[in-house]
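When a residue number appears, it is its place in the shown sequence, counting from 1. Computation of the quantities below employed the complete heavy-atom set of this structure, encompassing side-chain atoms and omitting hydrogens, waters and symmetry-equivalent molecules. When a ligand or atom number is given, it counts from 1 through the structure's own listing order. All values derive from a computational prediction rather than experimental measurement.
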Amino acid sequence: MRFKKLLAVSCVAAALQLTATVNAQELGLDVNYDPAVPTLDELLGYPAGSRISSPDAIQSYFEAIAEKYPTQVKLINYGKTWEDRDLFFVALSNAQNMQNFEQYQQGIQKLSAADKTSNTEAQQLIKSLPASVWLSYGVHGNEISSPEAAMLTAYHLLAATDAKTKSYLDNTIVFIDPMQNPDGRARFVSRYYMTTGIQHSADRNSAEHNEPWPSGRSNHYLFDLNRDWLALTQPEISGQVDALLKNMPLVFVDLHEMGGDTSYYFTPEADPYNPLITPKQRETLWAIGENNGRWFDERGYDYFTREIFDAFYPGYGASWPLYHGSISMTYEMASARGHVFRTKDGEILTYGDGVQRHFVASMSTIESVSQQREQLLSNFWNYRKQGIALGKDSKQRTYLFSGKDDAAAAQKLAGLLTRHGVEVHQAQESFKVCGVDYPAGSFWVDSAQPAHYMVRTMLDKNIAMDDDFLAEQERRRANNLPDEIYDVTAWSLPLMFNIDYQTCNRVPSADSQVASRDLIKPGKVVNKDAKVAFIVPWGDMNAGRFLTTAVQAGYTVKRADMAFKHKNGTTYPAGSLIVTTAENPDIHAAVEHLAEATGATIYGVDSSWVTEGPNFGSNNTQRIHAPNILMLWDEPVSSLNAGHTRFVIEQQFGYPVTAMRAQNMARADLSHYQVLIMPAVYGNLANSLGDNGKANLTEWVERGGVLITLGNATQWAVDSELLSSALEKVITKDPQGHGNEKRVDGMVFESKAQLMHYITPDSADPYWTSGVLTNLDVDQEHWLSAGVKPNLVSVTVGNQIYRPLSIENGRNIVSYSEDVLASGYLWAENQKQLQYKPYLMWQPRQKGMVISFTQEPTYRAYLDGLNVLLLNAIFGGAAHATPLR
Ligand SMILES: [Zn+2]
């Protein structure tokens, strides 16, 4: 049994490394612990910090303490991950506060409802309610130390016998969400321990310190959950938002890890701050940071503030609660990304170091909250009061959207805003306000509500960055230094959903109801006994869901490439779907269910007579075959774009995708796939596919396959001569002709600007942008744009700008508008260079075709306004290619 002996040896080796473990007594907190409270060692079989706990272990720890201390710990589930793991948090305080937990929830709701609660009532609540702090750990599954610190924090709060710790719980409820991303953590932990040897390696070249694709950072659908707080598409975040709205903690901390060669980061944040964050909030952030600094000083821990991590984008966990009046922030610890890591200074950073610091930061924050109980409650109330007052005075008091241009998107926006804790009204009758007529069913949001700042963050077209900050970025750029913009500078939901909305300084007087949180409203059938056919007008996600559901159920669905006018006088837009009763004799039994499930309005017709545009049997109507969709996966594909795209197609369109590793392309039989999606890449796709992979793919396209490239995968199509476009360099007025000559003519620089120009490489790429919203124009005369509005909005990130296709090669279906910028901050020369350049190109290749998006239409799964275009590419493309046989 050599193997067994080896295991025994490695256990000893592991035990030798327990020097890295954390023990609260060693933290210098100078407290005694109640021996009746089980330690992590007693519950899990190893001391804190000696092992990277699995999600199961962490859950079992919290279940155990909730069971043993029911008067002090309440464990609450808020959902399930895609891989069926539990999402939960605990509320922890002294027995008296926990006995009154429901009263706390009711009280904080009253304090939130600054439109309904009287000032007298509020003052009583401010005097009597406990404070609350919510600590969220491990949103990125490979940022490993914070969930361990969550257990240590809970242990310390329960077991410490000193007066100071007890005093925190006298007036504070501590919410602990120990693991926001258990699927990602499970991936990390399982792979990490697979790679370990007889000793843990501190070497950054070791397999231990190099995660394979996809890393544990993301969740099952490979989302960065810390960017999902706007669209709430993932259960880990949408469930947490529901729980936060119910419990409204006054302070929220998201505890992360960063690169191992750093120290520890906490508030105050780097510039720029979102202008909707109030001076009072910034004051409190500063005070919490200063208290953390004191705790860190006492222990000699390094830290930094005011650098790198800014507070501009509201879609982070550390930002979202700010717009409800809470104080929220991110903490970041240098990651050992394993048990041990050798830093660039040669020091050994341990897993235990991370656990220890996150534990200390958790405790110092709890102390701040406890000490500022009354101030925090009072600030929260004043914030929400102030929001109402600001809304009342605003010229943009109400935001109105009728949904006439896209009923599915309007419903989703109303449901999503409701899920963000915003009150949305739906008119029960038609009305007119600010000179515009609105039909019954239209939505409005009155910004004179306690969630005023959330309303503005989500709905304002543009949130301006600080002028001084922008001037500094332009100065840096002019000096060949990178800019300091951390993430996208634009995120307006109505723009991203591409729905028309107006603002008005008044509130409509129409009869209304508060909108529900439903993202899809059940559709209806008109003339359900139709004799000849059912028609679904194309152009929104309701129709999209109808299409994917109907073809998967085996119905024969036809699609008109052009608009047509039926004998009954109705004109249906291009792309409209036709389900004839002759081809689908059992459709009557299913049609009502289809309308309800998909949201589509389905019109039955008793005649096929069309007076304008193509008839049902015309060559301009295509039969939609349920295509088999293949998508490239694994290295060198971008895990984010692959995940976003798979999620949009599977969960939003309701259609399956087969994910295939890029390396399999060379030998894969592609003949039973009609559509192949190539997500954006971060490595060299040509190398991964190899010559054989490229040949296989090219042959498949020419035999009738539809290749859809997203973002920078379009560059591969260009390089492979499948797409006759080209990638542009930066605009240079007069190239400098840097040669390799070692002896050159003398030259004179007349100015600093000339020098800067000279040292810029001749063939540089255009300047990089972190992300803005851009305007697009749509060529309406093609099946790819059927049912698509003439103007769209997309996120543009990076620096890829392509040349348009010439008309003998294909068509530029969607192009950047002359007025490129819709929202955010984009360098002037990029705006100029992007004008009229292609966003979506289509090039036929023998029996098949290439459809290329120059950006990612599935970016963060929040560009709902581009969904119809993507549906057209997939289903219209497959219908228009000559079927593979
Ligand atoms: Zn992180």
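- No other N/O/S atom of H256 lies as close to the Zn ion (ligand 1) as ND1 does.
- Figure legend: cation-pi geometry between R282 and Y273, with NZ or CZ positioned under 6.0 Å from the six-membered ring centre and within 45° of its axis.
- Among the backbone and side-chain atoms of E332, no N/O/S atom is found under 2.8 Å from the Zn ion (ligand 1).
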Subject >> Residues F341, H209; criterion ring pair (Phe, Tyr, Trp, His ring centres under 6.0 Å); working and verdict >> reply: CA-CA 8 Å; F341 176 74; H209 290 287; 5.5 Å; yes
**OP:** Step by step, work out the side chain to side chain contact (heavy atoms under 4.5 Å, CB included) result for M458 and V422.
**Re:** CA-CA 10 Å; M458 300 283 157; V422 168; 5.6 Å; no
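- Seen from the Zn ion (ligand 1), atom OE2 on E143 and atom ND1 on H140 lie at an angle near 90° (rounded to 10 degrees).
- If you look at Y303 and Y264, their ring centroids are not closer than 6.0 Å.
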